[in-house]
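Below is one structure, written out as structure tokens, with a few remarks after it.
Here is how names work: the chains are called A, B, and so on, in the same order as the sequence lines, proteins then strands, and each is numbered from 1.
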2 protein chains.
Amino acid sequence: MTVSRVLRNRGDVSQATRERVLEASKKLGYVPNKIAGALASQRVNLVAVIIPSMSNMVFPEVMTGISEVLENSPLQPVVGITHYRPEQEERVLYEMLSWRPSGVIIAGLEHSEASRAMLENAGIPIVEIMDTDGEPIDSMVGISHRRAGIEMAKEIAKAGYKRIAFLGTKMPLDHRARKRFEGLTDALAKEGIEIADHEFYSGGSGLLKGRELTEMVLKRSPDVDFLYYSNDMIAAGGLLYCLDNGIDVPGQVGLAGFNGIELLDGLNPRLATMDACRREIGNKAAEIIAKCTEDGADHSGQRIELSPRLDVGDTLKR
Amino acid sequence: MTVSRVLRNRGDVSQATRERVLEASKKLGYVPNKIAGALASQRVNLVAVIIPSMSNMVFPEVMTGISEVLENSPLQPVVGITHYRPEQEERVLYEMLSWRPSGVIIAGLEHSEASRAMLENAGIPIVEIMDTDGEPIDSMVGISHRRAGIEMAKEIAKAGYKRIAFLGTKMPLDHRARKRFEGLTDALAKEGIEIADHEFYSGGSGLLKGRELTEMVLKRSPDVDFLYYSNDMIAAGGLLYCLDNGIDVPGQVGLAGFNGIELLDGLNPRLATMDACRREIGNKAAEIIAKCTEDGADHSGQRIELSPRLDVGDTLKR
DNA sequence: TTGAAAGCGCTAACAG
DNA sequence: CTGTTAGCGCTTTCAA
């Protein structure tokens with residue numbers, strides 16, 4: 001009835017009735033039922049955001065980026081966590097899609113067959129984020145992790161390091177770390193360098209984990225002269241380990257992380273790292289969805305590749 | 001019809017038809033419409049989680065705690081971010097409530113009048129988390145930040161520090177930091193000690209911010225012998241600053257943070273801190289909501305106060 | 001400018 | 001065990 005028109009401020013309501021309605025609804029503490037609204041209008045102002053984890057600092061920042069732009073729109077993000085498990089991704093996706101969101105932002109390009117099918121048939125804008133090494137279902141925005149690995153390899157080789165070790169998360173889980181590893185390996189191979197050692201771990205990433213991994217590798221392969229970590233937090237742990245043990249950084253051993261975590265900016269020496277453009281990825285992804293719902297036009301199939309900035313810091317010789 | 005029964009595995013369906021339905025729905029890629037379902041059943045398996053921020057490590061951990069228990073239930077968390085702004089909280093809350101969630105978990109005990117009213121009239125279980133210094137609307141689970149401040153003050157006084165400075169977030173925003181500050185101040189007063197200096201900041205907390213604040217305070221008040229920070233990240237920055245500048249910790253200056261962030265476990269020396277029980281708070285809060293929706297019984301009005309564990313680490317004399 | 005009526009796609013209660 | 005029917009609280013369309 002008229003009430004509905006007032007509350008959604010659709011025109012064609014006289015000032016008098018409008019005020020009457022507003023007053024009454026305030027007095028009754030009326031909160032509209034979006035469920036009924038959504039059902040009737042076939043429109044839901046929700047965007048599903050599906051990410052692997054919330055506890056490693058990178059996804060909270062992506063979320064911040066998404067929220068930033070969605071706050072200037074009627075859209076609201078709803079997050080689902082997959083814990084890097086494809087079955088979980090499938091479940092969460094199914095759950096989310098059954099709410100008929102206006103769009104979905106999902107991390108990664110690798111999905112189970114069922115997940116792909118759901119995404120393809122959802123009939124809403126899909127943005128796959130973080131990674132651009134592969135074919136998106138619809139749009140994608142991210143960086144090339146392969147290229148990130150390659151660039152880092154070039155920098156390491158240029159600095160003259162020869163015995164390089166990789167320390168990172170267990171591979172089957174984290175496709176992006178894997179791609180960086182592959183990029184690194186391939187690019188080093190071109191320089192005639194083979195990975196001297198590697199160590200994979202599972203579980204949370206903290207300074208302590210970084211220390212442990214570093215100690216393990218350095219004890220096992222004392223001749224290693226460069227440590228490439230899959231994230232900044234364990235790299236920072238490694239750095240602290242080296243400092244504590246009188247290892248000259250970057251002279252004796254060079255170090256690099258990944259992500260460009262702002263939190264760690266105050267480290268001394270400054271860690272070599274590569275900014276993964278997390279917030280920007282969130283911004284762009286949200287913008288794509290927002291545009292689609294605003295004008296209803298087709299903004300699908302966008303491919304936005306951002307360029308991670310390499311920061312050599314003080315832990316990589318020049 | 002029967003399809004609905006199969007998909008919700010309500011009994012009373014023969015094996016034969018059940019399989020037929022399942023097969024058909026899979027082939028058609030059928031995803032049920034929860035909106036319609038929710039409207040019809042007057043039940044929505046969503047729990048609204050309203051928190052101030054996602055970028056400071058504490059709330060992601062609370063979220064993890066919440067997800068952990070909700071994963072074993074039909075419930076799904078939906079997060080809203082307030083950026084520590086009451087108006088934003090009001091907006092987000094209104095938005096969330098209009099989806100008629102099964103419960104709400106909201107950070108803090110301080111809310112605008114409008115927010116309180118909404119919460120009180122929502123007719124669903126409300127759990128206010130993080131803080132127990134005050135009166136909850138319904139249930140609450142958290143720690144007493146006031147007491148945390150008091151305990152830290154006692155420890156500091158016991159260690160013989162006399163010139164204590166507080167470094168933390170700007171007050172009007174963060175009630176919990178304020179309560180710790182007040183607890184600290186009051187307890188120190190009892191020992192005849194007055195806060196020697198304080199410095200408030202706004203914006204993100206990182207190592208760099210910790211360094212800057214610490215430098216500022218130490219230059220301004222060179223006689224300060226203890227620095228109490230409102231979070232571990234800036235405390236860690238302060239610690240690095242002291243180490244870099246040849247300040248003896250904890251001899252010349254003692255340091256303590258707050259939160260007990262696992263990420264920082266590998267710091268050397270180990271930071272004195274207090275575990276804020278973030279994950280456990282998430283667990284308990286989610287459990288309350290889950291119980292309510294499971295048995296429909298009244299589990300309201302619970303008050304769960306957890307005890308933060310003090311860890312003196314190596315940056316507080318003993 | 002306002003009111004009335006017809007669904008949106010499901011669930012719940014009941015009848016077969 | 002299975003089919004039918006009547007809403008859930010809105011939006012939309014159409015008539016007044």
Side-chain angles (χ1 to χ4, degrees), chain A residues 1-46 48 74-76 78 93-102 118 121-124 293-294 296, chain B residues 1-46 48 73-76 78 94-103 118 121-124 293-296:
Chain A
M1 50 153 121
T2 318
V3 176
S4 169
R5 279 189 270 257
V6 174
L7 264 33
R8 290 178 297 145
N9 33 158
R10 290 299 197 70
D12 294 4
V13 185
S14 73
Q15 196 53 29
T17 24
R18 149 171 266 103
E19 274 167 24
R20 241 164 13 99
V21 171
L22 249 29
E23 190 191 354
S25 89
K26 177 148 272 178
K27 198 160 62 194
L28 297 173
Y30 173 75
V31 177
N33 187 330
K34 288 225 177 192
I35 303 172
L39 183 60
S41 66
Q42 304 291 326
R43 257 183 280 107
V44 181
N45 288 330
L46 255 28
L75 265 24
Q76 243 220 308
V78 185
L93 190 56
Y94 184 82
E95 202 76 9
M96 294 267 177
L97 287 181
S98 68
W99 285 103
R100 303 288 187 271
S102 297
M118 282 191 267
N121 300 322
I124 51 176
T293 58
E294 254 169 45
Chain B
M1 50 153 122
T2 318
V3 177
S4 169
R5 279 188 271 256
V6 174
L7 265 32
R8 289 178 298 145
N9 12 211
R10 290 298 198 73
D12 294 3
V13 186
S14 74
Q15 197 54 26
T17 22
R18 150 171 264 107
E19 274 166 22
R20 241 163 14 97
V21 171
L22 250 29
E23 190 191 353
S25 89
K26 177 149 272 179
K27 198 160 60 195
L28 297 173
Y30 173 76
V31 177
N33 186 331
K34 288 223 179 195
I35 303 171
L39 183 59
S41 67
Q42 303 290 326
R43 255 183 282 106
V44 181
N45 288 329
L46 255 28
S73 83
L75 266 26
Q76 244 220 308
V78 184
Y94 183 83
E95 200 75 10
M96 293 267 178
L97 286 181
S98 68
W99 285 103
R100 302 288 187 272
S102 297
M118 282 191 266
N121 299 323
I124 51 176
T293 59
E294 255 169 45
D295 55 19

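The interatomic distance linking A/Gln42 (CD) with D/dG9 (P) rounds to 18 Å, in whole Å. Following rounding to the nearest Å, B/Gln15 (CD) and D/dT2 (C1') show an atom-to-atom distance of 16 Å. In this structure, B/Leu39 atom CG and D/dC10 atom P are separated by 9 Å, rounded to whole Å. In this entry the distance linking NZ of A/Lys34 with C1' of D/dC8 reads 18 Å, nearest Å. In this structure, A/Ile35 places its CD1 atom 18 Å from C1' of C/dG7, rounding to the nearest Å. At whole-Å resolution of the value, CZ in A/Arg5 and P in C/dT1 are 11 Å apart.
For the pair A/Ser4 and D/dT11, the criterion of a side-chain N or O lying under 4.0 Å from OP1 or OP2 is met. In terms of phosphate contacts, A/Arg43 brings a side-chain nitrogen or oxygen within less than 4.0 Å of OP1 or OP2 of D/dT12. OP1 or OP2 of C/dT2 sits under 4.0 Å from a side-chain N or O of A/Thr17. At D/dC10, one or more side-chain N or O atoms of A/Tyr30 fall inside 4.0 Å of OP1 or OP2 (strictly under the cut-off).
Looking only at side-chain heavy atoms (C-beta outward), B/Val31 and A/Ser98 come within less than 4.5 Å of each other. Annotation: side chain of A/Leu22 is in contact with side chain of A/Val6 (closest heavy-atom distance under 4.5 Å). B/Ser102 has its side chain within reach of B/Leu75: a pair of non-hydrogen atoms, C-beta onward, lies under 4.5 Å apart.
Annotation for A/Val44 and A/Ala38: closest pair CG2-CB, 3.8 Å, computed over non-hydrogen atoms.
The side chain of A/Asn33 approaches D/dG9 more closely than any other nucleotide in the set D/dG9, D/dT2, C/dC10.
Comparing B/Ser41 and B/Ala16 against DNA chain D, the residue whose closest nucleotide sits nearer the 5' end is B/Ala16. In terms of position along DNA chain D, the nucleotide closest to B/Ser14 lies nearer the 5' end than the nucleotide closest to the other residue of the pair B/Ser14 and B/Ala40.
At a cut-off of 3.5 angstrom, counting only N and O atoms as typed in the model, there is no donor on one side facing an acceptor on the other between the side-chain of A/Arg100 and the base of C/dG9.
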